[in-house]
Amino acid sequence: MSPANQEAYSVMALDIGTVHTRALLFEIVEETYHFIAAGVAPSTTELPQNDIGIGVQIAIRDLQNLTGRI
């Protein structure tokens, strides 16, 4: 089966704000998506980092630590 035809049972969403960056995990439970957990990090959109990727990586790492999943 090609990846385009597979159903997603988990979805990770990113919320990159001016203060916080969040990695949110949702999973299918009883045929509907439910919120599972959120990893949070300070946003790094401004100086000195000026790189949103840093905050995203930290938020994802926090989510991984919370859920025990990679």
Side-chain angles (χ1 to χ4, degrees):
M1 180 179 279
S2 71
N5 294 335
Q6 293 181 351
E7 291 186 35
Y9 296 101
S10 298
V11 174
M12 184 182 70
L14 295 171
D15 173 23
I16 302 168
T18 57
V19 177
H20 293 101
T21 296
R22 294 173 183 84
L24 309 158
L25 180 64
F26 299 88
E27 288 189 348
I28 292 179
V29 178
E30 297 177 359
E31 299 182 12
T32 61
Y33 281 100
H34 290 264
F35 171 76
I36 302 300
V40 181
S43 287
T44 53
T45 58
E46 304 292 327
L47 293 175
Q49 293 91 356
N50 206 28
D51 180 358
I52 64 169
I54 296 169
V56 167
Q57 290 175 356
I58 295 169
I60 291 171
R61 194 173 315 125
D62 187 41
L63 180 61
Q64 290 174 333
N65 290 335
L66 288 169
T67 62
R69 295 172 54 180
I70 298 174

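Below, each value reflects all heavy atoms present in this structure, side chains not excepted, and no hydrogens, waters or symmetry copies.
Here the CD-CG distance, from Gln64 to Leu25, works out to 10.5 Å after rounding to the nearest 0.5 Å. The line from OG1 of Thr67 to CG of Asp62 is 9.5 Å long, rounded to the nearest 0.5 Å. One distance of note links CG of Asp15 with NE2 of His20; it measures 10.5 Å at 0.5 Å rounding. To the nearest 0.5 Å, the span separating OG1 on Thr44 from CD on Gln57 amounts to 9.0 Å.
Linking Ile, Leu, Val, Met, Phe, Trp and Tyr residues whenever their side-chain heavy atoms come within less than 4.5 Å places Tyr33 and Leu24 in a single cluster. Tracing side-chain contacts under 4.5 Å through hydrophobic residues (I, L, V, M, F, W, Y), one reaches Ile52 starting from Ile60; they form part of the same cluster. Cluster annotation: Val11 and Ile28 are assigned to the same hydrophobic cluster (Ile/Leu/Val/Met/Phe/Trp/Tyr, side-chain heavy-atom contacts under 4.5 Å, transitive). Phe26 is not connected to Val29 by any chain of hydrophobic side-chain contacts under 4.5 Å among Ile, Leu, Val, Met, Phe, Trp and Tyr, and they are in different clusters. Residues Ile36 and Met12 share a single hydrophobic cluster, defined by chaining ILVMFWY side chains whose heavy atoms lie under 4.5 Å apart.
By the neighbour-count criterion of 12 heavy atoms within 6.0 Å, atom CG of Leu47 is densely surrounded, having more than that number from other residues, nucleotides or ligands. Environment of CD in Glu46: sparse, with no more than 12 heavy atoms of neighbouring residues, nucleotides or ligands closer than 6.0 Å.
By the 4.5 Å heavy-atom criterion applied to side chains, Ser43 and Thr21 are counted as neighbours. Between Thr45 and Ile16 there is a side-chain heavy-atom pair separated by less than 4.5 Å.
A pairwise comparison of heavy atoms in Ala41 and Ile58 identifies CB-CG2, 3.4 Å as the closest pair.
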